[in-house]
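In what follows, a structure is listed as structure tokens, so that the remarks can point back to it.
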Amino acid sequence: MSQEALDKSYEPHEVEKRWYSFWEEHGFFDADAKGRAPSFSIVIPPPNVTGVLHMGHALNNTLQDILCRYRRLRGDDVLWMPGTDHAGIATQNVVEKKLAEQGLTRHQVGRERFITAVWEWREKYGSAIINQLKRLGASCDWKRERFTMDEGLSRAVRKVFVELYREGLIYRGNYIINWCPRCRTALADLEVEHEAHDGHLYFIRYPGEGGQEGLVIATTRPETLLGDTAVAVHPDDDRYRYLPYDKVLLPLMNRVIPVIFDDYVDRSFGTGALKITPAHDPNDFEIGIRHGLTGIKVIGEDGIMTREAGEFAGMDRFSCREVVVKRLESQMLLVRVEPYKHSIGHCYRCRTLIEPNLSRQWFVRAKPLAQQAMEAVTTGKTRIVPDVWTKTYFEWMENIKDWCISRQIWWGHQIPAWTCGICNEMIVALEPPAECPSCGGKDLIQETDVLDTWFSSALWPFSTMGWPEESLLLKKFYPTSVLVTGFDILFFWVARMMMMGLHFMKEVPFDNVYVHALVRDEEGKKMSKSSGNVIDPIDIIEKYGTDAFRFTLAAFAAQGRDIKMSEKRVEGYRHFMNKLWNAARFSLMHINEELDPPEPEGLSLPDRWILSRTVQVSKGFADALDAFRFNDAAGILYQFAWHEFCDWYLEIIKPVIYSQAEENEKRKTLGVLNFVLNRMLILLHPVAPFITEEIWHKFPGKRNSIMKAVFPLDEDGFAERFTDTESESQMNRIQELISGIRNVRGEMNIPPGLSLDARVMFQDNGMRALVEEQGEIISVLARLKSLSFINHQERPRKAASAVVDGATVYLLLEGIIDFQKERERLEKEIRRIAMDLASVSQKLSNEDFLKKAAPEVVEKVKTKQDSLLEKQSKLTLNLNRIREMEE
RNA sequence: GGGCGGUUAACUCAGCGGGAGAGUGCUACCCUCACACGGUAGAAGCCACUGGUUCAAAUCCAGUACCGCCCACCA
């Protein structure tokens, strides 16, 4: 009569594999650019091609997938645009390492062959992270997958570059930039990570030009003195205002350099005298410009001292420092050395110490672009959630500096600029020019630098949709609905997408930016390979299943707080999945044919109640997701599915199902069970896509994927027809009564197998009618063998009692009652009530409270006082009777 | 140096002006015909500290302490 039974516990692996390919094959992830439904779109933060799925990805993509699946169920045309990032430096490093294994450097291989090698590498390994995303259940439109280096995106990059150049928003110039001597490339300020470091402050004497005592400067980087071209002091500093000389002798180099006056100098730091090295310090560079000083590059691009460093040429920058210090010491020019804590910059890719260096680079003029990007947030065109990040966003935008976009690496978008070998004319163009427009020369040499990876990422929301073509996709899906990202790339990426999107599309790239937390380890530390605390998401998936993992991530994604990940938590949610599975298993033991949806009329109280709760939960879940409160959304479902549906509803209907109840009644209840369980599956599907799909198909009748189901709130008349607040409050009273009896049983240690006789005394007729009507349910759930009604005079003597709102229940315990235990139980309860009563009464005796508090609050407190007083008197009465019995 | 966040039950965290909550763990009793990855019940908290605003503060304000993060060119 029934179909094959479900296994006793849920086994995720086979299920996940099967349904993922089913969805993909049936095109359920495909976006419909021609659809007429409202659009919902997200562009994925493109993971690096070199990437391996980590917890951050898992969280980020789970949240996106929840939103996409949810919006599909709501009937939207959804586009989730996937892709990967070419990750210039990171990828180049990986391939270089591979070459190194063969004893080769990229320079030996040559640019062209090296790039081919990178492409080959990408072909082979680049899809690893995509496959991992699929295991997470990510419902991206894979057919549209893009890569920041693919042809279309590269064209978009060139177009943006050319246009910005023509508008004067891109320029080239000699500036001091952050140089990574290992990657041998310039880095943007953002790509430098500052770290506290225990260093030294060296005090060094620069003698006067004429052999005078001279002055003492303080520096943390003595080796840079080789490139000094001045010493600066504050113009108002009395120590130096009236020096008898205006030049000093640069130690070790025997170069005469001027003493200059500049406001920048902080008189209170060190000696108030500052050495100026325009080629190796950003501040000195600025001062150098103000005073017309030249810069002398003494540290080379490989971190080795240059010829300009004289006898120190060829030394490594670190050993040079030691030698310089020793030499100064021997010449009695090192006055003293103090320990000094300061922060120094490291390359964010390879951790190498950054060397500020003078060089010729390309820059984006950021200020004008930032202006619009700020306005868009001010006016609310783009909303940042949670709001705390808005301030951070503004602060950064206000202090934005020009963005260094050129990198001296090979893997990336080569800058579309050519220089004429004959007349030196520079040509910036979309395609390689055939000849120099100025002199007609054919000897054109392309700029060797490539663009910062973030330059192409900045175009991602529109370049992936076909820009600069006016594609259908852009029309339908731009601006995107929401960008889901971690705060660590707020500036790197989000801010720059805002700037580029507004400039080129004249429209913000996203309506909302949802900034989620970082995933940390159990102790709250950042997960990193070096600390060995990395939890691999794939391991978690293998062990507990994807749905359990996703549920954990969602449940912990509270706004504004980091997530501490531990297996323990995932285990808890695996139990939840198993609970769901078994709820379905139970239901399917009884549902073995297709059932019509229920009609609200003529249903039992529990049926009306669970339907009404389903409506409330659907609303609550939708509201939570609409506000990006993922943890609330997950929590609502967890609470409902486990503690209302399983704990109460399934238990309540068991008597109906198992008893010889009328076939018609049974059928009605099964109809409700079927209906509610299926609605619940739909609600759960965005968070737990696999198990819900699997269960969905176990139901009788041929059905389409759960992905094609209708979200309960969008179903015809669902909310209106099944909302029944009366049934909810009635069920609450029944539940309270049952819990009251169970409490007595538990506290008195009455074995579950023992059925009791109950006598109930009522406060009001409504409650009496209700209990009479639901007598069977109460009897089963509270394990009663009889339930009857009594009045005051009939109160039993050898009984334990439970006082609930509107009724007192006496449980006959002839022979087994432990009077002392019952007395203690009642006393405890009375104590508790007395405490509540004290706080309530205090409020009500306060005139200010009565005068100033909101009337509804006062009313509420009064009602509460009444009910507490009543309960107290009843309990006291019962207590006195027990005391009598005890004697 | 500037900015931000955290401090609530043993643990992990919700709640953010009017009854201290959840999950895990713990205790007791149950292998009851969906589930022991389970059921029922229970114990457990001066909501970091100090002061202020308010009829009312875990919740708002100020300060203190201790953690954590971000930004920054004091050599």
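Naming convention: chains lettered A, B, ... in sequence-line order (proteins, then strands); numbering from 1 in each chain.
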CG on A:Leu553 to CG on A:Leu59, rounded to 0.5 Å: 5.5 Å

With 3.5 Å as the limit, what N/O pairs link the protein to nucleotides 72-74 of chain B?
residue, atom, partner, partner atom, Å
B:C73, O2', A:Asn283, ND2, 3.0
B:C73, N1, A:Asn283, OD1, 3.2
B:C73, O2, A:Tyr264, OH, 3.1
B:C73, O2, A:Asn283, OD1, 2.4
B:C73, O2, A:Asn283, ND2, 2.9
B:C73, N3, A:Asn283, OD1, 3.4
B:C74, O2, A:Asp266, OD2, 2.6
B:C74, N3, A:Asp266, OD2, 2.8

N/O to N/O distances under 3.5 Å, protein versus nucleotides 44-46 of chain B:
none

How many angstroms lie between CZ in A:Arg221 and CG in A:Leu201, if you round to the nearest 0.5 Å? 13.0 Å

On RNA chain B, more 5' by nearest nucleotide between A:Lys852 and A:Trp648 is A:Trp648

Can you tell me how far C1' in B:C55 sits from the matching atom in B:U40, rounded to whole Å? 42 Å

Nearest to the side chain of A:Ala854, heavy atoms from C-beta on, is which of B:G18, B:G42, B:A75? B:G18

To the nearest Å, how far apart are A:Asp818 CG and B:A28 P? 18 Å

Ionic contact status for A:Glu694 with A:Lys698, cut-off 4.0 Å: yes

P-based separation of B:C61 from B:U7 [nearest Å]: 14 Å

Expected list for residues 221-232 of chain A near RNA chain B, using heavy atoms below 4.0 Å, is none

To the nearest Å, give me how far apart NZ (A:Lys851) and P (B:A56) are. 13 Å

What verdict does the ring pair (Phe, Tyr, Trp, His ring centres under 6.0 Å) test give for A:Tyr544 and A:Tyr573, after you've listed the backbone C-alpha separation in whole Å, the side-chain angles of each residue and the deciding distance to 0.1 Å? CA-CA 9 Å; A:Tyr544 303 98; A:Tyr573 287 98; over 10 Å; no

What is the distance, to the nearest angstrom, from the CG atom on A:Asn399 to the C1' atom on B:G1? 14 Å

Nearest-0.5 Å distance that lies between atom NE2 in A:His342 and atom NE2 in A:His197: 5.0 Å

Distance col, row A:Lys864:NZ vs A:Leu837:CG, nearest 0.5 angstrom, shows 9.0 Å

Taking only the P atom of each, what is the distance from B:A9 to B:A14 in whole angstrom? 13 Å

Check A:Ile817 against A:Ala800 and note the closest heavy-atom contact, atom names and distance. CD1-N, 3.8 Å

How does RNA chain B look in dot-bracket form if you count Watson-Crick and G-U pairs under 3.5 Å, write [ ] for pairs that cross, and put | where a base pairs with another strand? ((((((((.[[[[.)..(..]]]].(((((.......))))).....[[[[[..)....]]]]])))))))....

Figure out the CZ/C1' separation between A:Arg629 and B:A14, and round it to whole Å. 12 Å

Any donor and acceptor pair, going by atom type alone, linking the side chain of A:His280 with main-chain N or O of A:Val298 inside 3.5 Å? yes

For a quick check, with a 4.0 angstrom heavy-atom cut-off, what is the B/S/- contact string for nucleotides 31-39 of chain B, read 5' to 3'? -B-BBSBSS

Report the distance from atom CD1 of A:Ile741 to atom CG of A:Leu756, rounding to the nearest 0.5 Å. 9.0 Å

What integer number of Å spans the C1' atoms of B:C60 and B:U54? 9 Å

Using a 4.0 Å heavy-atom cut-off, does A:Lys275 contact any base of the nucleic acid, only the sugar-phosphate backbone, or nothing at all? nothing

Which value, rounded to the nearest 0.5 Å, describes the distance between A:Ile540 atom CD1 and A:Arg550 atom CZ? 15.5 Å

Does the side chain of A:Lys843 get closer than 4.0 angstrom to OP1 or OP2 of B:G19 through an N or O atom? yes

For A:Arg267 and B:A75, give me the distance from atom CZ to atom C1', rounded to whole Å. 16 Å

B:A14 P sits how many Å from A:Phe630 CZ, rounded? 16 Å

From the list A:Leu684, A:Asp632, A:Leu580, side chain to side chain contact (heavy atoms under 4.5 Å, CB included) with A:Leu637 holds only for A:Leu684

Rounded to whole angstroms, how far apart are CZ on A:Phe487 and P on B:G68? 15 Å

Taking NZ, NE, NH1 and NH2 as the nitrogens, is one of them in A:Glu829 or A:Arg832 under 4.0 Å from a carboxylate oxygen of the other? no

Separation of atom CD1 in A:Ile400 from atom P in B:C71, rounded to whole Å: 14 Å

A:Leu850 or A:Lys391, whichever maps to the more 5' nucleotide of RNA chain B: A:Lys391

Working note: A:His13 + A:Phe690, criterion ring pair (Phe, Tyr, Trp, His ring centres under 6.0 Å); need CA distance, chi angles, decisive distance, verdict. CA-CA 10 Å; A:His13 296 114; A:Phe690 295 106; over 10 Å; no

Atom C1', compared across B:C26 and B:G45: separation rounded to whole Å: 16 Å

C1'-based separation of B:C67 from B:A48 [nearest Å]: 11 Å

Are the charged groups of A:Arg825 and A:Glu822 less than 4.0 angstrom apart, N to O? yes

Between B:U12 and B:A72, how far apart are the P atoms? Round to whole Å, please. 32 Å

Cation-pi check for A:Phe645 against A:Lys579: NZ or CZ below 6.0 Å from the six-membered ring centre and within 45 degrees of the axis, yes or no? no

Residue that, paired with A:Leu190, satisfies side chain to side chain contact (heavy atoms under 4.5 Å, CB included) out of A:Tyr348, A:Phe491, A:Trp403: A:Phe491

Which residues satisfy the side-chain contact (heavy atoms from CB on, under 4.5 Å) test with A:Arg742, sequence neighbours excluded? A:Trp648, A:Ile738, A:Leu781

Separation of the C1' atoms in B:U59 and B:G18, to the nearest angstrom: 11 Å

Between A:Arg267 and A:Asp237, is the closest basic N to carboxylate O distance under 4.0 Å? no

